[in-house]
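Chain identifiers are assigned alphabetically (A, B, ...) following the order of the sequence lines, protein sequences preceding nucleic acid strands; residue numbering begins at 1 within each chain. All heavy atoms count here, side chains included; hydrogens, waters and symmetry mates do not.
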Amino acid sequence: MNRQKCEVLSAKRWGVYHSITLVAPEIAEEARPGQFVQVAMPPGRDFLLRRPFSIHQASRTGGWAGTLEIAFTAVGPGTEWLTTVEAHDSLDVVGPLGRPFPLPRAPTNCLLIGGGYGAAPLYFLGQDLRAKGSRVDMIVGAKTQERVFKPVEAKRLSVSVSTTTEDGSLGERGNVTDVLPGMMARCESKVVYACGPNGMLRAVAEYCSEQGIPSQVAVEELMACGMGVCWTCVVPVVHRDGRGWSYERSCYEGPVFSGARVWWEKWLGGRSTPVQTPPEGFRLEEMTAEGVGTWPPG
Amino acid sequence: MNRQKCEVLSAKRWGVYHSITLVAPEIAEEARPGQFVQVAMPPGRDFLLRRPFSIHQASRTGGWAGTLEIAFTAVGPGTEWLTTVEAHDSLDVVGPLGRPFPLPRAPTNCLLIGGGYGAAPLYFLGQDLRAKGSRVDMIVGAKTQERVFKPVEAKRLSVSVSTTTEDGSLGERGNVTDVLPGMMARCESKVVYACGPNGMLRAVAEYCSEQGIPSQVAVEELMACGMGVCWTCVVPVVHRDGRGWSYERSCYEGPVFSGARVWWEKWLGGRSTPVQTPPEGFRLEEMTAEGVGTWPPG
Amino acid sequence: MAARVSLRTNLAGIQLPTPVLAASGTFGSGRELAGMVDLREVGGIVTKSVTPRPVKGMPTPRMAETPSGMLNAIGLQNPGVEAFVEKDGPFIEQAGVPVIVSIAGRSVQEFAEVAVMVSKIRGVVGIEANISCPNVERRGEVFARDPVAAADVLSTVTRMTHLPVLAKLTADVTDIVEVAQAVVRAGAHGLSLINTLLGMAIDVDAFRPRLGGVTGGLSGPAIRAVAVRCVYEVSQALPDVPIIGIGGVVDARSAVEFLLAGATAVAVGTANYFDPHATVEIARGIGEFLAAKGMSTPEDLRGRLVTPSRPQEPVYLGG
Amino acid sequence: MAARVSLRTNLAGIQLPTPVLAASGTFGSGRELAGMVDLREVGGIVTKSVTPRPVKGMPTPRMAETPSGMLNAIGLQNPGVEAFVEKDGPFIEQAGVPVIVSIAGRSVQEFAEVAVMVSKIRGVVGIEANISCPNVERRGEVFARDPVAAADVLSTVTRMTHLPVLAKLTADVTDIVEVAQAVVRAGAHGLSLINTLLGMAIDVDAFRPRLGGVTGGLSGPAIRAVAVRCVYEVSQALPDVPIIGIGGVVDARSAVEFLLAGATAVAVGTANYFDPHATVEIARGIGEFLAAKGMSTPEDLRGRLVTPSRPQEPVYLGG
Ligand SMILES: Cc1cc2nc3c(=O)[nH]c(=O)nc-3n(C[C@H](O)[C@H](O)[C@H](O)COP(=O)(O)OP(=O)(O)OC[C@H]3O[C@@H](n4cnc5c(N)ncnc54)[C@H](O)[C@@H]3O)c2cc1C
Ligand SMILES: Cc1cc2nc3c(=O)[nH]c(=O)nc-3n(C[C@H](O)[C@H](O)[C@H](O)COP(=O)(O)OP(=O)(O)OC[C@H]3O[C@@H](n4cnc5c(N)ncnc54)[C@H](O)[C@@H]3O)c2cc1C
Ligand SMILES: Cc1cc2nc3c(=O)[nH]c(=O)nc-3n(C[C@H](O)[C@H](O)[C@H](O)COP(=O)(O)O)c2cc1C
Ligand SMILES: Cc1cc2nc3c(=O)[nH]c(=O)nc-3n(C[C@H](O)[C@H](O)[C@H](O)COP(=O)(O)O)c2cc1C
Ligand code: FES
Ligand code: FES
């Protein structure tokens with residue numbers, strides 16, 4: 001966890017998405033896929049809190065070494081303001097924050113599922129997975145065509161890509177879960193990673209649990225601090241022994257949780273099924289053994 | 001009193017001063033020297049209230065007809081923001097507000113005294129006075145040379161000008177009150193108009209009262225509304241019969257008050273002299289007869 | 001199919017064209033603004049509080065801006081009820097907008113005096129008793145902070161007038177529901193919630209309070225969450241009592257918060273200062289909001305708040 | 001000639017390197033932030049409140065941003081005092097920063113239990129009793145809203161520990177001075193003023209409260225004026241009682257407001273979230289402020305507030 005005044009290297013826009021690349025050597029150095037940063041808002045506004053953004057790219061080596069990219073859509077005053085940021089401006093950034101996606105110990109077939117801007121961290125993840133020899137397939141979904149996040153790059157990264165839009169303007173009409181069973185079968189996926197709207201994560205996680213496939217999902221809950229000290233961002237998570245649950249901090253124990261251990265009904269409402277024990281085939285130890293490094297710190 | 005979305009025609013800067021010229025036909029049409037406008041701040045800030053600015057110029061005829069100019073220095077978040085306003089931006093302005101400087105019924109010798117940005121409304125006043133045949137002399141004072149407001153224009157407008165700065169960087173070293181007796185004698189001034197820091201106004205008003213010369217001063221007090229409804233902006237003013245006083249609204253009964261009727265001690269503190277009856281030679285009726293039009297409305 | 005929206009509102013028997021009033025002390029009696037704001041579009045005006053005799057008010061500075069709000073210490077400056085009846089009476093009669101007169105006093109007797117006088121003004125549709133005043137008969141203790149003193153004022157005022165009477169309460173109490181119940185039992189026809197919160201700001205360079213009155217009233221969006229909570233608490237306890245929600249209303253969405261919390265109408269205070277058309281624009285915005293939701297009157301919003309079933313045991317809510 | 005400035009502060013016998021602490025619930029016990037903030041530069045840490053047994057806390061959403069502030073409803077989630085002693089105890093012992101443990105309970109007995117346990121942790125320099133908790137023995141009435149219940153907690157806790165005990169009060173009361181006097185009489189060595197204000201916000205599209213807990217605590221600059229007023233009122237009444245001023249401290253100037261109002265120290269809450277170095281930077285800023293004024297310690301600011309002589313008669317302060 002570092003705090004840096006970061007110079008904006010570039011601010012770009014494609015469709016509804018904006019992206020900002022920052023000079024942030026200390027943060028980029030430590031960043032792992034699935035982690036996020038907290039960006040400070042300007043003074044004098046009537047809103048105070050930092051805004052959280054997934055790390056879309058962090059370059060540790062090469063020409064872009066020491067840079068960090070976030071991608072976002074404008075939905076409220078904070079993100080509206082971010083759209084006005086320009087190259088050479090300075091942003092106050094804290095990061096990298098949270099538990100990253102755990103990487104499989106040995107190469108395997110990984111299915112990456114992104115909804116809307118939720119796809120942002122998956123490219124960073126996909127690169128790491130491929131570098132370690134895993135096979136990467138992707139499902140990229142969104143409401144409409146212009147909200148599909150970087151479909152071309154998805155193609156470049158993955159063995160196969162399935163795209164869905166709710167209105168059918170690109171790829172299949174429907175939700176990522178409509179194509180999930182087919183993709184999982186075709187790609188012989190052994191692990192699912194997902195990021196996107198919480199409802200989508202739930203559907204993905206529940207399907208994976210049924211299939212006995214481990215899923216790792218990056219959730220979103222309202223965050224005041226992002227650093228583990230305020231306890232606003234919690235998600236109800238079932239204990240490993242399946243015999244109880246606690247509210248865990250999505251900024252600290254998360255944002256990446258095992259999809260099988262999130263108690264979705266408690267969190268998002270809807271039908272109230274009893275607390276589930278982790279499904280058979282759940283291999284958390286294996287999953288967390290590598291790539292997580294010193295996480296959680298201390 | 002009107003409220004208009006006004007296009008910014010130009011935003012200029014000279015020294016520490018900024019000026020904004022607005023397309024504001026309805027306000028400009030009604031505006032009289034000494035009145036002010038209330039400028040709305042942008043949404044989403046942690047400060048809400050409009051900021052008051054004297055009308056520096058209002059062009060009712062000619063090439064600039066329908067425009068209004070304000071001049072200001074950046075002292076806090078509101079004025080800082082105003083320095084970022086550019087041509088073609090739009091400002092939400094309410095005006096003209098308050099009681100203007102009353103003009104003498106018949107042409108006479110007028111001494112105009114401005115301190116800092118307080119000189120801003122005096123050029124507008126001077127033009128009106130000259131147009132009605134009065135003689136205009138000016139004292140323009142400020143802390144330092146770069147804070148002397150438009151000394152060249154003062155020369156153009158007046159028969160004689162005296163400039164003072166506290167550090168002596170331009171004109172006489174000292175305060176406007178140091179040169180006031182000399183100027184008043186030399187120019188045979190019959191009326192004094194003043195705008196500037198409240199302490200300066202007090203000194204001017206008290207000297208004028210001693211000399212039996214009427215003074216009209218434009219005061220400044222913290223304003224929440226500027227439209228006469230909140231009663232935050234009051235100044236203690238002695239009744240005409242000299243037998244009592246009330247808090248009068250500087251945005252409504254003021255900002256221009258007869259210097260002899262402001263109870264300075266009560267307002268600004270310091271030695272507590274008894275309430276003074278208006279000095280001999282106080283000719284309020286005469287002063288208010290012309291130029292004030294329908295003021296106060298209703 | 002868009003529903004036909006009507007903003008007309010019945011507040012304790014007072015007919016209002018819209019549920020958006022101007023709060024006491026922030027719109028005068030409408031006279032100053034009449035040239036700029038079309039008063040027929042304003043839901044109602046609650047006048048600046050009037051006392052039996054003229055009040056000079058507090059020394060300056062009388063206001064200080066604070067984050068998303070402001071402090072004021074006017075000290076109830078007003079010309080006294082006689083001058084009010086004389087100067088504002090004729091205006092009110094023909095203003096074309098429902099006018100509720102806010103009255104204040106330093107004893108129950110003073111409230112009674114003013115109530116009688118202002119009830120004679122034609123065009124006045126109601127009285128708001130501003131009981132956030134110090135009670136000189138009880139060592140300056142504010143009426144609204146004592147259920148008994150508050151009830152005393154309301155039982156007297158309601159007997160002195162044929163008009164509906166609203167009690168304006170303060171949130172600076174341990175239990176606002178207790179005060180609300182007391183004044184309603186005493187005869188109040190409705191409640192105005194809330195007055196400003198008692199606050200203070202200091203000029204750290206001058207080593208002085210930023211207000212001449214040392215402490216003052218905090219208003220604006222900064223206090224909205226407290227005001228919404230008060231309206232919610234009181235309307236849960238007294239669901240049949242009409243409430244004007246007040247505190248940080250600046251746009252249609254903030255107004256709807258109060259209606260959902262249980263208010264029948266809202267009053268706009270501080271926002272009038274920076275947006276003199278706020279009452280008009282907010283009413284329009286509420287109309288659009290209702291239309292978008294397929295609702296037809298502001299009344300449709302009352303009681304529509306969906307709250308999770310609360311746990312049985314008391315829970316800590318402070319952090 | 002610049003005075004030599006020392007920020008060292010004695011708070012009820014607790015020695016602090018600076019008068020700027022982190023407020024309870026906004027800094028954990030320092031563990032999470034230790035890698036980023038040099039804790040030796042923090043004046044002190046008040047831990048998140050600890051209860052006898054683990055508390056799961058409130059359902060989400062647990063926070064809502066409001067104008068210049070935020071609402072939270074965490075519901076005192078904590079692992080219970082045993083886990084706290086085990087996990088945070090060793091950290092606290094070597095943290096290099098004075099740690100005050102905030103304790104909470106739902107009965108006097110529960111407060112006593114926690115007080116005994118945490119007093120054993122080496123490195124703990126004081127206890128803050130967070131009495132803004134519902135008292136299950138009195139229908140959930142919050143301790144801090146009842147001078148008698150508040151005093152009960154403090155007289156018990158002070159007997160159970162050798163450490164200095166601060167009572168943290170809420171401003172949601174009719175008379176905060178009365179509560180302050182009660183807890184000081186009961187033995188409190190100092191006061192923390194204030195906890196969050198009870199508030200509520202509504203999602204007008206979903207027709208739901210924005211907090212899972214329905215109501216929650218309002219914090220941030222929005223409440224600063226209320227907090228400064230409370231500190232001023234209490235310190236006028238109890239000039240010898242050390243006070244931590246809390247509520248909307250975001251920079252050195254807002255901290256100095258509290259010191260001038262009568263506080264001995266300040267605690268930073270919400271500001272830690274957006275500025276994790278706030279405690280450090282504010283302390284530095286106070287040092288610069290003192291130097292600029294030719295003062296040498298924060299203590300020099302206490303009692304330096306110049307107030308106008310107040311009028312004899314009670315005056316209206318609400319508008
Ligand atoms: C771990 C994490 C990673 C995220 N990554 C991205 C990303 O890569 N790209 C992207 O576009 N957005 C991302 N978001 C969502 C993003 O943080 C919000 O869109 C943003 O905070 C909205 O701020 P605002 O002021 O524009 O909107 P407002 O809605 O006005 O924000 C009000 C408050 O709600 C919070 N908030 C609003 N929406 C969300 C949300 N969906 N999740 C959490 N808090 C929210 C804000 O932080 C703020 O405190 C992420 C959220 C989290 C928690
Ligand atoms: C009738 C009148 C005419 C004015 N004309 C001019 C002018 O022509 N040029 C110019 O530069 N300034 C003028 N001022 C002062 C100007 O209004 C303030 O400088 C400005 O409001 C400061 O806002 P801020 O946010 O930058 O500063 P801040 O100090 O942060 O303002 C905080 C609050 O204090 C008020 N305030 C601050 N300073 C003053 C002040 N001197 N007088 C009244 N209110 C103040 C602000 O309006 C705001 O509500 C005038 C003031 C009044 C009352
Ligand atoms: C400058 C000012 C003067 C006020 N005067 C009065 C008053 O005379 N009587 C009264 O009952 N309330 C008075 N109020 C309180 C408002 O009516 C309202 O209750 C409060 O400002 C909260 O609403 P807001 O946040 O929309 O401003 C005054 C408020 C302000 C800001
Ligand atoms: C998310 C959150 C959690 C809090 N938890 C506690 C707590 O556990 N115990 C406590 O006494 N105060 C708690 N507080 C209150 C703060 O300590 C502080 O009194 C309040 O936030 C006002 O200060 P601020 O405006 O600087 O935030 C909490 C505040 C917040 C915002
Ligand atoms: S956002 Fe504060 S603990 Fe997670
Ligand atoms: S500023 Fe509101 S009455 Fe003058």
For C:Met200 against D:Leu305, the heavy-atom pair lying closest together
CE-CD2, 3.7 Å

Atom group of D:Asp146 that falls short of 4.5 Å from chain C, counting heavy atoms:
neither

Just verifying a value: how many Å separate C:Leu197 CG and D:Arg229 CZ, rounded to the nearest 0.5 Å?
8.0 Å

Residue list, ring-ring contact (aromatic ring centres under 6.0 Å, His included) with C:Phe143, at least two apart or on another chain:
C:Phe111

One should read off an interatomic distance between D:Asp172 CG and C:Ile176 CD1, to the nearest 0.5 angstrom, of 10.5 Å

Search all heavy atoms of D:Pro209 against all heavy atoms of C:Val306 and return the closest pair with its distance.
CD-O, 3.0 Å

Looking at CG of C:Leu260 and CZ of D:Arg208, how far apart are the two atoms once the value is rounded to the nearest 0.5 Å?
12.0 Å

Less than 4.5 Å to any heavy atom of chain C: does that hold for the side chain of D:Leu301, its backbone, both, or neither?
side chain

So what's closer than 4.5 Å to chain C heavy atoms on D:Ala261: side chain, backbone, both or neither?
both

Examine whether an atom of D:Phe258 lies under 4.5 Å from a heavy atom of chain C, and if so say whether it belongs to the side chain, the backbone or both; otherwise answer neither.
neither

Measure the CZ-CD1 distance between C:Arg224 and D:Ile202 for me, rounded to the nearest 0.5 Å.
11.0 Å

Report the residues that fulfil side chain to side chain donor-acceptor pair (under 3.5 Å) with C:Thr174, sequence neighbours left out, ordered by chain and then residue number.
D:Thr174

Are C:Glu233 and D:Thr215 side-chain neighbours, meaning at least one heavy-atom pair lies under 4.5 Å?
no

